[in-house]
Amino acid sequence: MASSSDNEEVRVLGKWASPFSNRIDLALKLKGVPYNYSEEDLANKSLDLLKYNPVHKKVPVLVHNGNSIAESLVILEYIDEVWNNNNNHAFLPQDPYHRALARFWCKTLDDKILPAIWNACWSDEKGREKAVEEALEALKILQDELKDKKFFGGETIGLVDIAANFIGYWVSILQEIAGLELLTIEKFPKLYKWSQEYINHPVIKEGLPPRDELFAFFKASAKK
Amino acid sequence: MGSKDVKLLNFWVSPFGKRVEWALKLKGVEYEYIEEDICNKSNLLLELNPVHKKVPVLVHGNKAIAESFVILEYIDETWKQYPLMPHDPYERAHARFWATSAQQKLGKEGSWTALVKSGEEKEKALNTASEVLDKLEEEIKGKKFFGGDNIGYLDIALGWISYIIPIWEEVGSIQIIDRLKLPAINEWMTNFLNHPVVKDSLPPRDKALDYYHLSVKKHTPN
């Protein structure tokens with residue numbers, strides 16, 4: 001589909017297996033915004049990546065109207081603010097306090113919860129027990145926040161749900177490879193139920209990378 | 001809304017809490033300051049921020065908000081006078097990007113690491129800091145503040161640079177900011193420190209030096 005002008009073009013530099021990159025795919029799909037996607041080889045960074053994200057040299061990067069934005073949570077808020085008419089799905093509520101809560105949980109996901117789970121899945125024998133304990137603690141605090149809501153955003157997918165794609169989808173794959181039981185229906189029934197709603201959501205489902213390919217990718221990384 | 005309605009739990013030397021103080025002062029919001037001993041955390045703190053158990057925490061009525069950058073945006077959205085964030089979505093994204101990136105790369109990975117490590121790790125950390133500073137120099141060139149003529153969100157978010165980095169430089173006998181190579185940053189630091197809201201808000205320098213001397217000792221591997 002041809003864009004009306006170069007300025008309208010939305011471009012994403014990403015990595016298909018990265019949950020951070022995937023957040024941007026999910027967000028643009030939820031907003032119904034068409035975009036051009038370029039797959040980045042992080043072992044061989046493109047000139048465009050170095051130009052658009054000179055500070056971190058990482059994906060994802062969003063390019064819109066000639067401007068580049070990096071850092072997935074920053075990009076998500078940008079997307080929410082730019083594509084914000086009534087027909088677009090809003091990621092953040094209007095009320096300042098609930099917006100603050102959503103931002104807090106996004107940051108907590110990235111600073112505390114994702115690292116704890118990632119460490120547990122890649123831990124060696126020595127550090128395993130402690131790492132698993134911390135991962136379970138992290139999942140518990142996340143489930144406590146979800147309470148009885150369908151999504152973290154309430155009835156609809158919100159900013160936290162998008163940011164929690166790693167929890168909803170990646171964790172099940174990584175824990176299987178690691179031989180761990182972290183997010184299970186027995187241990188975290190509410191969070192597990194949320195993950196099922198999440199991956200079956202019509203837009204999210206189309207936006208997630210294929211499970212078997214993701215499994216193969218991380219299994220290969222595990223061997224190294 | 002009197003001062004009883006807004007409270008700030010903070011630790012006297014914390015640069016994270018200092019940001020919140022500056023934002024509240026710029027907006028003329030009255031608040032009650034509650035000092036928290038982070039080595040002996042109060043039940044109040046554990047109740048208000050059970051997830052991270054850290055300061056700063058802003059209490060507004062019956063709401064508690066943690067994480068300094070989250071608090072800044074809450075303050076800006078709640079009290080509309082003296083807007084801190086830019087209007088344009090790209091400018092906002094740009095400011096948010098620099099706030100967190102500078103904290104991570106210039107602060108944690110750069111300056112703090114240079115302070116507590118030695119040898120190759122120290123060199124690498126100093127280079128990381130220098131790279132970020134070069135980019136910030138380009139960002140501030142031609143402007144009095146990152147926010148333009150007046151202090152804005154990004155000035156508040158980066159303000160720690162103007163008083164914490166010089167303290168760390170003294171504690172570690174290192175140079176993080178080459179003031180001759182970075183004249184625009186140097187001038188911004190002076191302008192920022194002279195701003196009425198900032199000037200009398202800083203922790204006592206000798207007390208801060210003592211604190212960081214001790215802190216570095218604790219964090220330096222033997």
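A, B, ... follow the sequence lines: proteins, then strands. Residue 1 opens every chain.
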Between Glu169(B) and Gln175(B) (side chain of the first, backbone of the second, donor and acceptor by atom type, cut-off under 3.5 Å), is there such a pair? no

Sort by residue number and list every member of residues 49-58 of chain B having a non-hydrogen atom under 4.5 Å from chain A. Asn49(B), Val51(B), His52(B)

Tyr31(B) and side chain to side chain donor-acceptor pair (under 3.5 Å): which partner among His60(B), Lys7(B), Lys25(B)? Lys25(B)

Can the ring centroids of Trp22(B) and Phe192(B) be said to lie less than 6.0 angstrom from one another? yes

I'd like to know if Glu134(A) and Lys130(A) make a salt bridge, using a cut-off of under 4.0 Å between side-chain N and carboxylate O. yes

Do the charged groups of Lys143(B) and Asp149(B) touch, with an N to O distance under 4.0 Å? no

With respect to chain B, which residue among Ile75(A), Asp95(A), Thr108(A), Val82(A) yields the maximal number of heavy-atom pairs within a distance under 4.5 Å? Thr108(A)

In terms of relative ring orientation, are Tyr78(A) and His64(A) parallel, tilted or perpendicular, with 30° and 60° separating the classes? perpendicular

Taking a cut-off of under 4.5 angstrom between non-hydrogen atoms, the residues of residues 80-115 of chain B near chain A are Pro89(B), Tyr90(B), Arg92(B), Ala93(B), Arg96(B), Phe97(B), Trp98(B), Ser101(B), Lys105(B)

Any salt bridge between Lys124(B) and Glu121(B), counting N to O under 4.0 Å? no

For Glu40(A) and Leu13(A), indicate whether the former's side chain and the latter's backbone hold a donor-acceptor pair under 3.5 Å. no

Please work out which of the three classes, parallel, tilted or perpendicular, describes the rings of Trp12(B) and Tyr211(B), given edges at 30° and 60°. perpendicular

Decide whether Trp188(B) and Asp155(B) meet the rule of one side-chain donor and one side-chain acceptor closer than 3.5 Å. yes

Is NZ or CZ of Lys31(A) both nearer than 6.0 Å to the six-membered ring centre of Phe91(A) and within 45° of the ring axis? yes

Checked Val55(A), Leu101(A), Ile69(A) vs chain B; the most non-hydrogen pairs under 4.5 Å come from Val55(A)

Interchain contact, Lys135(B) with chain A, by part (heavy-atom threshold 4.5 Å): side chain

Chain B contact via Arg103(A) - side chain, backbone, both or neither, heavy atoms under 4.5 Å: both

